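Source: prediction; values computed, not measured. To find a chain, count down the sequence lines: A is the first, B the second, and so on, and within it residues start at 1. Keep in mind that the numbers below use all heavy atoms, side chains included, and drop hydrogens, waters and symmetry copies.
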Amino acid sequence: MPDELITRVVAWYDTNARDLPWRRPGTSAWAVMVSEFMLQQTPVERVREPWARWLERWPTPADLAASPSGEAVRAWGRLGYPRRALRLHGAAVAITERFGGEVPETSADLLSLPGVGSYTAAAIASFAFGQRAVVLDTNVRRVLGRVTVGQAHPGTAVTRAETEAADAYAPVEPARAAKWAVASMELGALVCTARAPHCDVCPVSDLCAWRTAGYPAHVGPPRRGQSYEGTDRQCRGALLAVLRGSVEPVGADELAAAWPEAVQRERALASLVDDGLVVRVEPVDGSEPRWSLPG
DNA sequence: CAGTCGTGGGC
DNA sequence: TGCCCAAGACT
């Protein structure tokens with residue numbers, strides 16, 4: 001049964017895969033790595049352009065490492081979760097200093113890089129280096145959960161059972177494992193979607209436990225994300241947008257204009273400084289302090 | 001380990 | 001319109 005599932009999903013991928021630039025032959029491991037950072041919690045369509053511009057400017061890890069981290073944060077633009085930009089810069093520095101400027105290939109080395117967790121390490125190993133890796137993202141979790149267990153949505157955390165099951169599904173042969181990884185992700189992204197899945201065009205609908213069971217609803221507490229309006233996250237985003245837009249350090253008045261509520265603004269600014277996304281610039285002439293992206 | 005961390009688009 | 005969702009990592 002697993003064999004049939006894999007064969008069909010891979011065949012489906014061969015004729016239905018999107019033409020994504022980071023999948024094209026000749027894409028460097030660094031370019032794949034950049035795409036994986038940008039794609040963390042961010043839709044594909046929003047990544048295409050920033051990814052191309054990023055690699056035009058920083059074609060290698062050493063190029064990015066030679067730039068200030070603040071420039072990475074600025075170039076990140078409105079992709080969201082700007083700490084990813086900082087971590088990508090940190091990873092570029094680590095690659096340059098510890099790995100001779102080449103993206104490492106082993107799982108342990110990849111996991112040693114800032115911003116690289118279990119998913120991203122597996123994705124780089126698989127997509128960039130053609131290795132057999134357990135690539136378990138939200139798409140694969142949903143596909144396997146539905147097809148094999150009949151579960152509508154994956155839980156909040158990746159369980160050990162999930163990882164072991166995914167490992168058992170991954171083909172032994174590296175090239176085929178890599179193909180299965182990208183194909184199962186693509187099926188989750190295009191067909192086996194979170195809402196309104198397209199079971200009518202799914203290549204494995206007749207094998208799907210969730211479908212056979214009559215699409216039972218999600219069991220357990222509804223996993224509700226934090227509302228955004230008025231949160232510290234929104235405040236941080238507003239402040240950082242001001243700093244991204246200014247080459248010169250910014251004064252307190254400009255930040256206050258972006259977020260009038262003082263207590264929350266100060267808390268958010270402190271957290272941005274704490275994260276290393278913002279630095280406080282002390283003037284030499286005793287005037288008011290200013291803030292900027294890290295030089 | 002549940003909470004935190006941006007942003008924009010679809011329904 | 002508000003809510004859900006999008007190739008997670010980190011603490």
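Residues satisfying the side-chain contact (heavy atoms from CB on, under 4.5 Å) test with Pro174(A), not counting sequence neighbours, are none. Scanning for side-chain contact (heavy atoms from CB on, under 4.5 Å) contacts around Val242(A) gives Val250(A), Leu255(A), Ala258(A), with sequence neighbours left out. Annotation: salt bridge (charged side-chain N to carboxylate O under 4.0 Å, His left out) contacts of Glu282(A) (sequence neighbours excluded): Arg280(A). Residues passing the salt bridge (charged side-chain N to carboxylate O under 4.0 Å, His left out) test with Arg24(A) are Asp19(A), sequence neighbours excluded.
Rounded to whole Å, the distance from CD on Glu229(A) to P on dC3(C) is 12 Å. If you measure from atom OH of Tyr13(A) to atom P of dA7(C), you get 14 Å, rounded to the nearest angstrom. Summarising the geometry, the separation between NE2 on His89(A) and P on dA9(C) is reported as 20 Å, rounded to the nearest angstrom.
Nucleic acid contact for Ala157(A): none, since no nucleic acid atom lies under 4.0 Å from a heavy atom of the residue. Looking at heavy-atom distances under 4.0 Å, Val47(A) makes no contact with the nucleic acid at all. Within the nucleic acid shown, Arg78(A) comes within 4.0 Å of sugar-phosphate atoms alone, with no base atom in reach, counting heavy atoms only. Using a 4.0 Å heavy-atom criterion, one finds that Ser118(A) contacts the sugar-phosphate atoms exclusively. Gly80(A) comes within 4.0 angstrom of a nucleotide base, judged by non-hydrogen atoms across all strands.
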For nucleotides 9-11 of chain B, which of its nitrogen or oxygen atoms have a protein nitrogen or oxygen under 3.5 Å away, and what is each distance?
none

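Each of Arg87(A) and Trp22(A) was assigned the nucleotide of DNA chain C with the nearest heavy atom; the assignment lying further toward the 5' end belongs to Trp22(A).
Between Glu186(A) and Arg18(A) there is a salt bridge, since at least one side-chain N of the basic residue sits less than 4.0 Å from a carboxylate O of the acidic one. Look at Arg267(A) and Asp274(A) and you find no salt bridge, because none of the NZ, NE, NH1 or NH2 atoms lies under 4.0 Å from a carboxylate O. Using a 4.0 Å cut-off between charged nitrogen and carboxylate oxygen, Asp109(A) and Arg98(A) do not count as a salt-bridge pair. Contact check on Glu56(A) versus Arg53(A) returns no salt bridge, with no Lys/Arg side-chain nitrogen under 4.0 Å from an Asp/Glu carboxylate oxygen.
For the segment residues 25-41 of chain A, residues with any heavy atom less than 4.0 angstrom from an atom of DNA chain C are, sorted by number, Glu36(A), Leu39(A), Gln40(A), Gln41(A). Listed in residue order, the members of residues 252-279 of chain A having a heavy atom less than 4.0 Å from DNA chain C come to none. Contacts between residues 102-115 of chain A and DNA chain C, counted as heavy-atom distances below 4.0 Å, involve Pro114(A), Gly115(A). Contacts of residues 236-246 of chain A with DNA chain C (heavy atom under 4.0 Å): none. For residues 129-138 of chain A, proximity to DNA chain C is found at Asp137(A), Thr138(A), defined as any non-hydrogen atom under 4.0 angstrom from a strand atom.
Listed candidates were dC5(C), dA9(C), dA7(C). Nearest to the side chain of Ala189(A) is dA7(C). With dC5(C), dG6(B), dA7(C) as the choices, the nucleotide that has an atom nearest any side-chain atom of Met185(A) turns out to be dA7(C). In the set dG6(B), dA6(C), dC5(B), dC5(B) carries the atom at the smallest distance from any side-chain atom of Asp232(A).
Between Tyr119(A) and dA9(C), a side-chain N or O to OP1/OP2 separation shorter than 4.0 Å is absent. Arg233(A) has no side-chain polar atom (N or O) that falls below the 4.0 Å cut-off from OP1 or OP2 of dT4(B).
Atom name P, nucleotides dT4(B) and dA7(C): the rounded distance is 23 Å, in whole Å. Comparing the P positions of dG3(B) and dC4(C) gives a spacing of 15 Å, expressed to the nearest Å. The P atoms of dC1(B) and dA6(C) are separated by 23 Å, rounded to the nearest whole Å. Distance check on atom P: dG2(C) versus dC5(B) gives 23 Å, rounded to whole Å.
Residue pairs satisfying the side chain to side chain donor-acceptor pair (under 3.5 Å) criterion with at least one member in residues 59-70 of chain A, sequence neighbours excluded, are listed as follows: Trp58(A)-Ser67(A), Thr60(A)-Asp63(A). Applying the side chain to side chain donor-acceptor pair (under 3.5 Å) rule to pairs touching residues 240-260 of chain A yields Trp259(A)-Gln264(A), sequence neighbours excluded.
Enclosure of atom CD in Glu102(A) is not indicated, since only 12 or fewer non-hydrogen atoms of other residues, nucleotides or ligands lie within 6.0 angstrom.
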